[in-house]
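The next block holds one structure in the form of structure tokens; read it before the comments.
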Protein chains: 2
Amino acid sequence: MTAVLNERKEHILRAVVVNYIKTAEPVGSRSVARFYPGGLSSATIRNEMADLEEMGYLIQPHTSAGRIPSQLGYRYYVDNLMDLNELSEDVAEKISSTLSAGKMREIEQIIMNSTKVLSSATNQTSLIMGPQFKKSAFRQLRILPLDDKKGLVVLITDTGYIKNKVIDFQHHLSQSELQQVVSYLNQKLYGLTIDQVTTSLINELKRDLFRRLEILEQAFILLEESLKEEKQIRVFLGGTTNILNQPEFKDVDKIRRMLNLFEQEPLLFKILEDNSSEDDIVVRIGSENEFEDIQECTLITGTYRIHDKTLGTVGVLGPTRMDYSRVISVMRRLVDQLNQALSSS
Amino acid sequence: MTAVLNERKEHILRAVVVNYIKTAEPVGSRSVARFYPGGLSSATIRNEMADLEEMGYLIQPHTSAGRIPSQLGYRYYVDNLMDLNELSEDVAEKISSTLSAGKMREIEQIIMNSTKVLSSATNQTSLIMGPQFKKSAFRQLRILPLDDKKGLVVLITDTGYIKNKVIDFQHHLSQSELQQVVSYLNQKLYGLTIDQVTTSLINELKRDLFRRLEILEQAFILLEESLKEEKQIRVFLGGTTNILNQPEFKDVDKIRRMLNLFEQEPLLFKILEDNSSEDDIVVRIGSENEFEDIQECTLITGTYRIHDKTLGTVGVLGPTRMDYSRVISVMRRLVDQLNQALSSS
DNA sequence: CTTTAGCACTCATTGAATAAGAGTGCTAAA
DNA sequence: TTTAGCACTCTTATTCAATGAGTGCTAAAG
């Protein structure tokens, strides 16, 4: 990857990153000297730090200040220097217990709880994208007559989504006519993902059915609305107030921009979706993020799956000065548990 | 109500309130003099203002500053001085169009949209409590067999709630057995509110049924979970970032406390529920609020109904320096539209 | 008795000047 | 190559005076 630093420089870079993550203050040569095992003097460290700055790994906020890691510095740290610390017992415990308590829970419930654990365990804002409805496979469609004018359409997918909608019948429908329509639809749609149920397919089905029964215009509404819904996948947020604890967000204006972002679900969705990869865990530091609004932040994402099918993405968003090691281990753990919790249902 | 002020004092109090609401700056005698129609000198105004302060309607932040309304001052203004300004055409339009666009919408969707209009039209944070599930009346219970091991329980209330849950059958159930159970349950439960379906009633039903069929343990889970849910009514928030625009929230610490509150749904629920009254619109200024966390704020609430049954509460929360007139007219309008939108579905 | 002009006074805010302190870069010696 | 030493830089905190908005009070005018 990037040019390899000699061991001493690596030590120093690590010292700066670790210290800065902890204190949020520029770190000077003296503190690094204390940190450095093979007792070097601060003067030597200063020279090395000047080098590291020239190479782009460190930044000096002003002449008489210590150094802070640059984006490149963080990147080098994450790629080469960071060692994943073990999760403390209680955090691991907390994650497991939150996710496995009652088995009989809705998928949304599971996810909402996940945002809570994730944000509290990382002290950052967490965001989790719910399972992508449009990638779920159609399993069953049912119509429950409520009275002779109304019915309840129920749509069930393989990922456990259950959508329903009350519809008005235009004309009276006999039980057997309803049966016919429903079983026809089930037969045609079975196994398709919601993605694949295009408007044209629906229209085709409609034509087909109208030939036999001149009714049921509305029975299709649920399907059509489900399609629209692809743009409305929910993103769940947790710990949004955590950013207020970060000194980099002591400026009210920055806070506003950030919270504003949090209110725009579609944007969050895009951000998460763009980062959803087959990879285990992705770390996007600063301007590595495509979205301007978070280019002062680091976004760490992971994907969760059910039966090896990618369902959604979980993310942690915070300032670039973030405890990478901790966040990554927490997220790894969470995704594991999430996978288990979901596949057992 | 409170002691009545003479006309001149009322004029002056109104001037102070209106000005302060607009500018967020303490208003001095000179600005009131400009505002006052019957050209009085600032000295006279000063005397009157000193009186008003002594009477508790005004406050002087420090000796050489103008006056700001006290809580009592706001109260007097709201009760006696405020004239409800007409809603501007475009705001009225916006509310109507948001709520009546597609008729075929879920109740949750309607409410989420409402929070958006409400917050953007008032520049404050809006909160809306979803229909109280527990006060809805049971209408129908259905069980849809999915395969021979699983079924979908569907619970429908008169307020349009549809709850569903996949259950595992412990043993195989014949179609007719299922029918029996279901119709028995429907008969027993019809018309009861969810509130009234107590655990003891459920247990009674269980005993009753077990005598006939030794199965269906899980069919009750939906019911039982529905009961638990009474504590989980969702509160929808809109425009939380609006508080950041208020000068009274320029302190990061206050912001944190406020946002923290916003993250605690159960608390929000309590706050709204306590304020839900049969009355049209309720204004709670400062310490009139029971909850400490919002005693620097004003909460204005209204209730929406369907067929004359109170369903939920909508609220606007902001600093006591709030444009009462505007918020109240917007809310009145919104509640009206909401009532219409809900009763037409 | 009420209103108003006049004036001294108060207090928050602003900006400049100063002091303190942290940390650097450079030089020269080890 | 490393290190001690020192002058230098730049931020932060503090003090101080100046500014100005607005008041309260008094005494005169209506």
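Per chain, numbering begins at 1; letters A, B, ... match sequence-line order. Just so you know, these numbers use all the heavy atoms, side chains as well, and skip hydrogens, waters and symmetry mates.
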N or O in side chain of [X] less than 4.0 angstrom from [N] OP1/OP2:
X	N	result
B:R8	C:dT2	no
B:T63	C:dT10	no
B:R30	C:dT4	no
B:T44	C:dT4	yes
A:Q60	D:dT9	no
B:S64	D:dA21	no
B:R46	D:dT26	no

Among B:I300, B:T298, B:N275, B:T320, the one residue meeting side chain to side chain contact (heavy atoms under 4.5 Å, CB included) with B:R284: B:N275
Earlier contact from the 5' end, DNA chain C, for B:S42 and B:P61: B:S42
Return the nearest nucleotide to the side chain of A:M49; candidates are D:dC10, C:dA5, C:dT24. C:dT24
Where the side chain of A:R67 is concerned, which of C:dT4, D:dT3, C:dT24 is the nearest nucleotide? C:dT24
What is the distance, rounded to the nearest whole Å, between atom [atom1] of [X] and atom [atom2] of [N]?
X	N	atom1	atom2	result
A:R34	C:dG23	CZ	P	9 Å
B:K9	C:dT3	NZ	P	10 Å
B:D51	C:dT2	CG	C1'	13 Å
B:H62	C:dT10	NE2	P	14 Å

Take the angle between the ring planes of B:Y76 and B:Y57 and call it parallel below 30°, perpendicular above 60°, tilted in between. perpendicular
Once you measure the plane-to-plane angle for B:Y324 and B:Y77, does it fall in the parallel (<30°), tilted (30-60°) or perpendicular (>60°) bin? perpendicular
Which atom names give the shortest non-hydrogen contact between A:I12 and A:E48, and what distance separates them? CD1-CB, 3.5 Å
Which is true for B:S29 with a 4.0 Å heavy-atom rule: it touches a base, it touches only sugar-phosphate, or it touches nothing? sugar-phosphate
pair_partner(C:dT27), Watson-Crick or wobble, both distances < 3.5 Å, evaluates to D:dA4
Under 3.5 Å, is there a donor-acceptor pair linking the side chains of B:Q124 and B:Q246? yes
